[in-house]
Amino acid sequence: MFDFLRNLTQSAEVKRQERLSAYLDDALTSGQRSRFEEKLAADAALRQDLRQMQAVKRSLGELPRARVPRAFTLDPAKYGRPAPQPAMQLYPVVRVATALTAIMLIVSFLVPFIQDIGPGAGSAADEAVAMERAVEITRVVTETQAEEMEFAAEEAAPVAAEMVVEAEVVVEEAAEAEAVEEAEEPAAEEELQPAEAEQAFEASPWVAYPAPPQPTPAPLGTAGLAQAPLEADETTATRAAAAATATHPASLAVEESAGEAGQPLARPTVDLALGDDGQAFATGTPAGPKIPESRAGEPVTETSEVAPAAGPSTAQVLQIVLGLVLVALILATWLLRGRQWPPT
Amino acid sequence: MDEPALIKQAQRGDVSAYNTLVLHYQAIVYNVAYRIMGEPGSAADASQEAFISAYKNLRRFRGGNFKAWLLRIVTNACYDELRRRKRRPQSSLDAIQESYESSPLLVSERTVGPEEHQSKVELVQAVERCLDDLPDEQRTAAVLCDVEGYAYDEIAQIMATTVGTVKSRISRARAKLRDCLQGMAELLPLEYRLD
């Protein structure tokens, strides 16, 4: 490019001399040589210049050769083995390694995209693991709810048994009272229907209170009575379990942590109380384990995942390693390249 | 001489292998240095420095034209010496006479008559003077082309430049030498005059 620019700025005389010198050294192309010979045949001054140039070239060529004054060999004792530079021998190897590492790094970035786009997008293994986790979580939650319901039922059973005994006593007392009343007022008094008797019985633990104006339609027997609080407790327990589950979805983890800590789970307590409408309802702590504090004293926070957070994947580790290796190889290549020697 | 094998041995630290290369190329190296520097003492210093530098940096030679690589080293050493001394090479009649008389070429011509011998000496003196007046780069190009006989591409490799630049430098050097010698025509024998 610089020759082209120089040719543009050169004068005609300078170009003529250069062509003459190149002709003298047989450095013209066949086309250039033939055209120059045509000019030479037609230009006497050009022929004169050529003769003078030939004389100068001949004069320089006939300069005597200088005899070497001494041998310029090196002293082995002084110079010996040159400084080892094994790194220079590794220069081509380092260049190839740099190129291969760069290619591997690019491939490691492209593989996930190819897998996402492909027909089997998504790792089957990852999906299977996710499914297993979902099934496990569902099973655990179900078991937890069942256990909670069992706890509630167990706690409610003695209470129900007590209620049954009290109910029997109340029935007997009520029967005696009726008998007495019948004896005293046989006609005017209304007979209490069994349902009404039961209804009264329901209110009987708090017999001092007036009977509820709204009758309970479901007939209840002792078994039913025993079931009623149990059902109520079950309902309550279920609701409490659902509430506990909804509030503390990591109940399993909490149970596990509590179990590991050796702390007993909080047992649900069920008490019966009479509402304003005469309906009995269960009171007490909701069925569900209390959330103990962790061993470290920090409150257990809600988490939506059961499994611990995953570390960097194999692909990410590989990418990091390849990136570091590539940086090191590029640095080594730059160090080994050095300056062109000898300098101009 | 198996030059590639000697170079590899020298790169591994074999000084004797390198000295074999030195003995083979020292005449060429010294003559180029002599024509650039213009006097034997400086030429010898530049040649020795060039061979030492070449040995120390032999690992950087990655194959190719070893002679061109060596001549590039010696031309750079000559340029460094010229810049360091900050003087143009001065040729003395005694030095030219000495080199003329000790040259193998001149030994064969010593059979000619004394007059012709004297004419030769005067011509050499004139050419040397005109050569010394050239700029360093033009003088180097003219020496490598017309004195040593290298082709344009080899000269471009030695001087680390383009072929076009080599052509330009040689053309300008010859034109200046022609003008210089025409100015001393009356001092030249008839058969050496350019007219």
Side-chain angles (χ1 to χ4, degrees), chain A residues 1-4 6-7 10 13-22 24-27 48-49 51-53 55-89 91-92 338-344, chain B residues 11 13 15-16 18-19 22-23 26-27 29-31 34-35 40 43-44 47-48 51-53 55-60 69 72-73 76 99-100 102-106 123-124 127-128 131 142-143 145-147 149 152 160-165 167-168 170-172 174-175 177-178 181 192 194:
Chain A
M1 184 182 76
F2 295 106
D3 293 344
F4 173 75
R6 186 176 60 250
N7 291 336
Q10 282 179 339
E13 179 61 23
V14 173
K15 289 182 182 179
R16 178 168 169 269
Q17 292 293 331
E18 284 189 10
R19 196 165 291 113
L20 182 65
S21 181
L24 189 63
D25 296 325
D26 198 18
Q48 177 69 12
D49 290 341
R51 284 195 293 271
Q52 291 176 349
M53 202 68 71
V56 171
K57 183 179 174 65
R58 186 173 60 251
S59 300
L60 290 174
E62 291 177 351
L63 287 175
R65 302 284 295 173
R67 199 179 287 275
V68 180
R70 67 176 188 274
F72 296 107
T73 54
L74 303 184
D75 185 5
K78 182 177 180 180
Y79 293 96
R81 178 181 293 272
Q85 298 179 5
M88 299 301 295
Q89 304 294 334
Y91 178 71
R339 290 174 53 196
Q340 184 181 6
W341 200 93
T344 57
Chain B
Q11 286 176 335
V15 181
S16 61
Y18 181 74
N19 287 335
V22 171
L23 293 173
Q26 64 178 6
V29 169
Y30 176 76
N31 273 272
Y34 177 77
R35 293 303 172 194
S47 299
Q48 186 70 71
F51 281 117
I52 294 173
S53 297
Y55 179 74
K56 290 180 178 179
N57 296 277
L58 199 56
R59 296 299 178 94
R60 296 189 182 185
W69 184 76
R72 184 174 173 186
I73 297 172
N76 288 336
S99 64
Y100 182 81
S102 60
S103 167
L105 177 63
L106 298 175
L123 176 61
V124 170
V127 173
E128 287 280 355
L131 198 59
V143 165
C145 181
D146 295 333
V147 178
Y152 282 9
T161 186
T162 61
V163 173
T165 302
K167 286 182 181 178
S168 175
I170 292 174
S171 172
R172 293 171 187 268
R174 287 172 178 169
L177 286 171
R178 180 195 60 190
L181 291 174
Y192 293 106
L194 300 177

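The chains referred to below are lettered A, B, ... by the order of the sequence lines, with proteins before strands, and numbering in each begins at 1.
Going from atom CZ of A:R65 over to atom OH of B:Y30 covers 11.5 Å, rounded to the nearest 0.5 Å. Rounding to the nearest 0.5 Å gives a distance of 11.0 Å between CE of A:M53 and CD1 of B:I170. Atoms CG and CZ, on B:L123 and A:R58 in that order, are 9.5 Å from each other to the nearest 0.5 Å. B:R178 contributes atom CZ, which lies 12.5 Å from atom CZ of A:R51 (distance to the nearest 0.5 angstrom). Expressed to the nearest 0.5 Å, how far NZ of A:K15 lies from OG of B:S171 amounts to 13.0 Å.
Residues A:L60 and B:D146 approach most closely at CD1-OD2, 3.3 Å, considering heavy atoms. The two residues A:S59 and B:V127 have their closest heavy-atom pair at CB-CG2, 3.9 Å. Heavy atoms only, all atoms of each residue included: B:V22 and A:T73 are closest at CG1-N, 3.7 Å. What you find for A:D25 and B:R174 is that their closest heavy atoms are OD1-NH2, 2.7 Å. Looking at every heavy atom in both residues, B:A44 comes nearest to A:P69 through CB-CG, 4.2 Å. Smallest separation of non-hydrogen atoms from A:A22 and B:Y152: CA-OH, 3.9 Å.
Side-chain atoms of B:Y18 and A:Y79, non-hydrogen and from C-beta on, never get closer than 4.5 Å to each other. When side chains are defined from C-beta on, B:R172 counts as touching A:V14, because their heavy atoms get closer than 4.5 Å. Side-chain contact between B:Q48 and A:L74 is present, with at least one heavy-atom pair separated by less than 4.5 Å. Side-chain contact between A:L63 and B:V143 is absent, with no heavy atoms from C-beta onward closer than 4.5 Å.
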Verify side chain to side chain contact (heavy atoms under 4.5 Å, CB included) between A:S21 and B:K167, making sure each step is shown before the conclusion.
CA-CA 8 Å; A:S21 181; B:K167 286 182 181 178; over 6 Å; no
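For chain B, no part of A:L20 is nearby; none of its heavy atoms comes within less than 4.5 Å. Looking at A:R19, there are no atoms closer than 4.5 Å to chain B (heavy atoms on both sides), in backbone or side chain.
Most heavy-atom pairs under 4.5 Å with chain B: of the set A:V68, A:D75, A:D49, this distinction falls to A:V68.
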